Asker: 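Here you go, one structure.
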Amino acid sequence: MSFDKRAFRDTLGCFATGVCIVSATDKEGRPVGLTVNSFTSVSLDPPLVLFCLDNRSESLAAFLGAPGFALSILSADQQALSNRFARDPAASRWDGVDAVTGKAGAPLIPGALAVLDCAMHAIHPGGDHTILVGHVLGYANQPGAPLLYYRGGYAALENGRG
Ligand SMILES: Cc1cc2nc3c(=O)[nH]c(=O)nc-3n(C[C@H](O)[C@H](O)[C@H](O)COP(=O)(O)O)c2cc1C
């Protein structure tokens with residue numbers, strides 16, 4: 001098997017995922033957040049979840065220094081928010097977002113399909129990413145359709161579930 005980075009990314013992109021905004025509060029009390037699709041459930045007892053953060057992330061230091069983080073699982077109508085938290089300068093991503101603060105001090109995205117509020121449980125090296133494992137302190141979900149990501153683009157459920 002030859003190892004071509006583009007082909008590797010294309011292959012990983014065959015795994016359809018949801019889309020989350022992961023968030024925390026930095027040492028100055030400012031909200032930080034970015035779009036991720038590396039969210040994975042890890043354990044039911046204890047309740048653990050993880051996401052993988054690029055080591056080049058502007059928000060890396062804030063996440064590593066935070067007592068916890070929140071994951072907001074986006075609904076189908078939140079694609080613009082996903083783009084904003086992936087592309088806009090970090091400083092303006094929260095403009096106009098009416099976030100409420102979760103149990104671990106991280107801001108939650110209003111209108112998300114689901115939210116998970118986590119205390120930091122473990123931080124592991126993962127190549128050019130860092131694996132952040134959260135202990136879930138609180139969670140909530142509401143009816144609706146999810147925003148999906150597949151082969152490098154957004155997608156929607158075809159059967160209309162949600
Ligand atoms: C659908 C989607 C999924 C993404 N998943 C991740 C991810 O799992 N981890 C990550 O570090 N960046 C991911 N990104 C890229 C970040 O959102 C993007 O690089 C962002 O600008 C990082 O901001 P920061 O430098 O403030 O951390 C994803 C982007 C998109 C659009």
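All values derive from a computational prediction rather than experimental measurement. Ligands are counted one by one from 1 in listed order, and the atoms in each one are counted from 1 as well.
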Asker: With ring centroids as reference points, do Phe15 and Tyr149 lie under 6.0 angstrom apart?
Answerer: no
Asker: Going by distance alone, is a donor N or O of one side chain under 3.5 Å from an acceptor N or O of the other, for Thr17 and Tyr150?
Answerer: no
Asker: Return the protein residues near ligand 1 (heavy atom under 4.0 Å from any of its atoms), ordered by chain and residue number.
Answerer: Leu34, Thr35, Val36, Asn37, Ser38, Cys52, Leu53, Asp54, Ser57, Glu58, Ser59, Phe85, Ala86, Arg93, Tyr149
Asker: Fit a plane to each ring of His135 and His121, take the angle between them on a 0 to 90° scale, and name the class: parallel (under 30°), tilted (30 to 60°) or perpendicular (over 60°).
Answerer: tilted
Asker: Linking I/L/V/M/F/W/Y whenever any side-chain heavy atoms sit under 4.5 Å apart, do Val22 and Tyr154 land together?
Answerer: no
Asker: Please tell me whether Phe39 and Leu34 are part of a single hydrophobic cluster in this structure, the criterion being side-chain heavy atoms less than 4.5 Å apart.
Answerer: yes
Asker: Could you check whether atom CG of Asp98 has more than 12 heavy atoms from other residues, nucleotides or ligands sitting under 6.0 Å from it?
Answerer: no
